[in-house]
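So the structure is just underneath, and the comments pick up after that.
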Amino acid sequence: MARSDTDSWDLASSVGATATMVAAARAIASAEPDPLINDPYAAALVRAVGLEFFTKLVDGEITLDGELAAGAELMTGVMAVRTKFFDDFFRSATNAGIRQAVILASGLDSRAYRLPWPQGTVVYEIDQPQVIDAKTATMAQIGASPTAERRTVAVDLRDDWPAALRAAGFDPTAPSAWSAEGLLAYLPPDAQDRLFDNITALSAPGSRLATEFHPDIAANLRERGNAMSEQWRQHGLDLDLANLWYAGERNSVAEYLTDSGWSVTARLRPELFAEYGRVFPSGEQAASQRNSQAIVAIRN
Ligand SMILES: C[S@@+](CC[C@H](N)C(=O)[O-])C[C@H]1O[C@@H](n2cnc3c(N)ncnc32)[C@H](O)[C@@H]1O
């Protein structure tokens with residue numbers, strides 16, 4: 001179904017199902033030999049959603065072949081690197097003394113339960129209400145406890161989320177660490193700019209921000225999205241990725257943040273792979289992701 005300005009979802013539908021998709025990739029990446037990441041909650045979180053395709057994937061009950069296998073392998077590798085990138089970002093931010101973190105579009109991210117947050121750290125998670133509620137319930141059911149003070153902010157990121165975040169106790173006068181992981185493509189281009197305007201307004205000097213930017217999303221990923229959705233449909237999963245992403249030109253995040261008063265470092269995805277001792281795949285499926293940038297910014 002096409003996107004609308006007020007659409008909503010749970011973890012089994014629309015944009016919400018993409019949170020389940022990437023959690024499945026984290027579960028699979030965590031179970032690999034010599035894994036780059038360890039997300040011990042991802043598989044249980046995926047099973048609780050109940051989308052059969054992803055449950056069977058994490059339980060090893062589906063064998064993929066051909067293009068679909070190559071696509072799944074690519075996604076698992078990319079998600080492992082992406083997860084480590086954001087994990088390292090938060091570790092570095094807290095090592096620098098930051099004690100409030102904001103995970104935007106938190107989905108099934110389990111960082112509030114698995115990272116070694118220093119005493120006194122508050123982790124805010126923002127996502128749509130059904131997503132927040134489902135994760136909170138599953139984590140409680142499996143007996144997982146947050147490793148920081150976890151505060152959930154159930155709000156749409158197209159609404160007045162800064163007010164909701166402040167109401168939850170966020171202190172804009174203290175430095176903060178922000179992640180926008182797997183989010184930008186699901187916002188229209190102008191909403192992406194507004195998101196960063198809001199973050200900038202809430203960020204005291206020394207605050208940090210990590211995100212990823214995919215310059216080729218409009219052109220290439222739409223085609224890839226269609227191809228992936230078609231293959232998934234053959235396994236009974238109806239998730240129309242290309243229709244969930246917003247096409248159209250968007251501002252370069254690195255430039256936008258620089259102009260907004262941040263010092264920005266951007267690394268291309270293949271560089272990040274190399275840094276973590278992995279080789280970025282050379283196949284055609286990976287081509288559209290070759291120019292993706294992993295961005296860390298520090299507020300001046
Ligand atoms: C691909 S998932 C990424 C989830 C998580 N960041 C991760 O990497 O595991 C996209 C997430 O963005 C959230 N999202 C997208 N648009 C949103 C919006 N307008 N308001 C709140 N959440 C949104 C979805 O609910 C979903 O959890």
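As the structure lists them, so they are numbered: ligands from 1, and atoms in each ligand from 1.
- For ligand 1, the atoms lying closer than 4.0 Å to a non-hydrogen atom of Gln128 are 21 (C), 22 (N).
- Proximity annotation for atom 2 (S) of ligand 1: of Val155, Leu45, Thr18, Thr18 comes nearest, heavy atoms only.
- Ring pair Phe170/Tyr124 is perpendicular by interplanar angle, where above 60° counts as perpendicular and below 30° as parallel.
- Checked by distance only, ligand 1 and Asp156 come closer than 3.5 Å through their nitrogen or oxygen atoms.
- Ring orientation note: the planes of Trp232 and Phe54 are nearly perpendicular, at an angle over 60° on the 30°/60° scale.
- Looking only at heavy atoms of the protein, atom 10 (C) of ligand 1 is closest to Gly182 O, 3.3 Å.
- Annotation: Asp5, atom CG; neighbour count of heavy atoms from other residues, nucleotides and ligands within 6.0 Å does not exceed 12.
- Using a 4.0 Å cut-off between heavy atoms, Ser106 contacts ligand 1 through its backbone alone, with no side-chain atom that close.
- Residue contacts with ligand 1 for Leu183 involve side-chain atoms from C-beta outward but no N, CA, C or O (heavy atoms, distance under 4.0 Å).
- Contact between Met79 and ligand 1 is absent, with no heavy atom of the residue lying under 4.0 Å from the ligand.
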Legend entry - Derivation of the side chain to side chain donor-acceptor pair (under 3.5 Å) call for Arg111 and Ser106: CA-CA 9 Å; Arg111 290 191 178 90; Ser106 44; over 6 Å; no
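- Contacts between Arg26 and ligand 1, counted as non-hydrogen atom pairs separated by less than 4.0 Å, involve the side chain only.
- Ring-plane geometry between Trp178 and Trp161 is classed as perpendicular, the angle between the planes exceeding 60 degrees on a 0 to 90 degree scale with a lower cut at 30.
- Close approach of ligand 1 to Val15 (heavy-atom distance below 4.0 Å) involves ligand atoms 15 (C), 24 (C).
- In this pair, Phe196 and Tyr256 present their aromatic rings tilted. The plane angle is within the 30 to 60° band.
- Ranking protein heavy atoms by distance to atom 17 (C) of ligand 1, first place goes to Trp9 CZ2, 3.6 Å.
- Just one residue in the list Ser110, Ser145, Pro146 forms a side chain to side chain contact (heavy atoms under 4.5 Å, CB included) with Met139, and that residue is Ser110.
- Of all the listed residues (Val22, Leu157, Asp127), Asp127 holds the heavy atom that lies closest to atom 13 (C) of ligand 1.
- When all heavy atoms are compared, the tightest approach of Ala154 to Pro129 is CB-CA, 3.7 Å.
- Cluster membership check: Leu244 does not share its hydrophobic cluster with Leu157, using side-chain heavy-atom separations under 4.5 Å among Ile, Leu, Val, Met, Phe, Trp and Tyr.
- Nearest protein neighbour of atom 8 (O) of ligand 1, counting heavy atoms only, is Arg82 NH2, 2.9 Å.
- The shortest N/O to N/O separation between Glu181 and ligand 1 falls below 3.5 Å.
- Under the 4.5 Å side-chain heavy-atom criterion for Ile, Leu, Val, Met, Phe, Trp and Tyr, Leu239 and Val49 are members of the same hydrophobic cluster.
- Looking only at heavy atoms of the protein, atom 5 (C) of ligand 1 is closest to Ala105 O, 3.2 Å.
- Taking every non-hydrogen atom of Gly107 and a distance limit under 4.0 Å, the qualifying atoms of ligand 1 come out as 4 (C), 27 (O).
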